[in-house]
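Worksheet: the structure to be examined is printed underneath.
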Amino acid sequence: MARLLLRKISTMEPIASSSAIDFPQEFVKFLNEAHSPYHTVHVMKRQLLENGFKELQESKTWARSLHADGKYFVTRNNSSIIAFSVGGKFSPGNPIAIIGGHTDSPTLRVKPISKRTNEKYSQVGVECYGGGIWHSWFDSDLSVAGRVFVKTADGGSEAKLVDLKRPLLKIPTLAIHLDREVNQKFEFNKETQLLPVSGMADLDLSDKKKAVDDEPFSSLKSIVQRHNEDFLDLIAQKLDLKSVSEIEDFELILYDFAASTLGGVRDEFVFSGRLDNLTSCFTGLHGLLLSSDESLAAETGIRLLACFDHEEVGSSSAQGADSNFLPNIIERLSSAVSYTTTDDKLKGKNFLLETYAKSFFLSSDVAHAVHPNYAGKHESQHKPVIGAGPVIKINANQRYMTNSPGLVLLKKVADSANVPLQLFVAANNSPCGSTIGPILASKTGIRTLDIGNPILSMHSIRETGGSADLKYQIDLFKEFLKQYSVLSEKINV
Ligand SMILES: [Zn+2]
């Protein structure tokens, strides 16, 4: 019954096979555009649209938009995104194969009132976002990207992406002559000493001073009063605005101006910021695109990718993994048909619960590769290395969600995709990270496994990942999305 109501349409577009794409080079391009979560979602949206996915809005009904054999995506706050392809034989209540990651990374964000002048230097007040290795930000050339709200001609406001793409800021270290102990101990005050310099302050500001006294009443200080004017001028120029007064507000973050690149004697490494966790956004996106081929016509489930903002600060926000974003989308997908019929709501609820019970979530986030100079930090038998495939993360205390049915399932998927896997467990005397896996598993009851590619220097401004691991993870995700609805029925818990 339900199947009849899902009108079948052909949305198949030609997608290059995975062997035709140079993933390391593609990833470097992706990293060099994705300088903020807004930019990451923007790049992902563009690639989804190019591959025949259609945009849906949470604020509108999906009753007439969703079709079997169709491909869609929806964003929240333009910093989180969920994309999915609906099987040609999908019925409500059927399973969803889910891959999840996060769009945010530790960074420094421009404060609401950022204007600073010290010793004739102009400086920009910044707030620490997430648990960064902040000492790695010293002496890097820093640029700024994010989203800016500008006034429109009709009196409204609209958001625009901005990326200044210039080495504008610097957090200078102190010369060694002034701190002979620095190589033994580098300590700094995050409020007063992690403060970037943006230029030399104008000695005579009289001709540039704004006639703020004549301005009409405003509930907040104007943008010009709150931020360095030279800095605002650069944003206005970049967005082709007539004046800085058209800027209403913004969310801007700093990033390393040095471009992401392949490195190592055989280009076996990726050197970049934000590998945590754009690695999963990139591999998840390509896994979804490659799985959305002619096999979708016979698919009985849904193949889905969810990338959330705010993981680095605990995921509790309107668009974080702890929000209702994914549960709402799954509810709409599992009950879309009942909304178009006279079925009562209860019936829709049953579809939702069936879908939760049948679905599976691969929570993808980067893993700690063993460090050659600090190998003792790893558990002796669990030392993942770069280039040897994705790492399954296991933790008895449920910081990671992997359990044996999930392991059995993923091994079958990896065997058929020819992808090597590695295992990670933290040493008992070492702290352990966590992911969006436990958050979504406890919220929805969906079976979950934690996995991710190994990297070094997690949360540094410049991390080191592996080139070969990209294709491994993409092949694994593609196979999981394609095989899950069939495999799920063969693994009895
Ligand atoms: Zn992460």
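Counting convention: from 1, in listed order, for ligands and their atoms alike. Side chains included, hydrogens not; waters and symmetry mates left out as well; all remaining heavy atoms used.
One finds an angle of 90° at the Zn ion (ligand 1) between OD2 on Asp365 and NE2 on His102, to the nearest 10 degrees.
Taking a cutoff of 4.0 Å between a charged side-chain nitrogen and a carboxylate oxygen, Glu251 and Arg147 qualify as a salt bridge. Ion pair Asp249/Arg226 flagged as a salt bridge, since at least one NZ, NE, NH1 or NH2 atom sits closer than 4.0 Å to an Asp/Glu carboxylate oxygen.
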If you look only at distance, which donor and acceptor atoms sit under 3.5 Å apart when one is on a side chain in residues 420-431 and the other is two or more places apart or in another chain?
| from | atom 1 | to | atom 2 | distance (Å) |
| --- | --- | --- | --- | --- |
| Gln422 | OE1 | Val385 | N | 2.9 |
| Gln422 | NE2 | Val385 | O | 2.9 |
| Gln422 | NE2 | Gly389 | O | 2.9 |

Exercise. Determine, step by step, whether Lys29 and Glu33 satisfy the salt bridge (charged side-chain N to carboxylate O under 4.0 Å, His left out) criterion, reporting the C-alpha distance in whole Å, the side-chain angles of both residues, the deciding distance to 0.1 Å, and the verdict.
Key: CA-CA 7 Å; Lys29 272 193 245 164; Glu33 243 191 297; over 6 Å; no
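When you scan the N, O or S atoms of Asp276 for the one nearest the Zn ion (ligand 1), you land on OD1.
At a cut-off of 2.8 Å, Glu312 does not coordinate the Zn ion (ligand 1) through any N, O or S atom.
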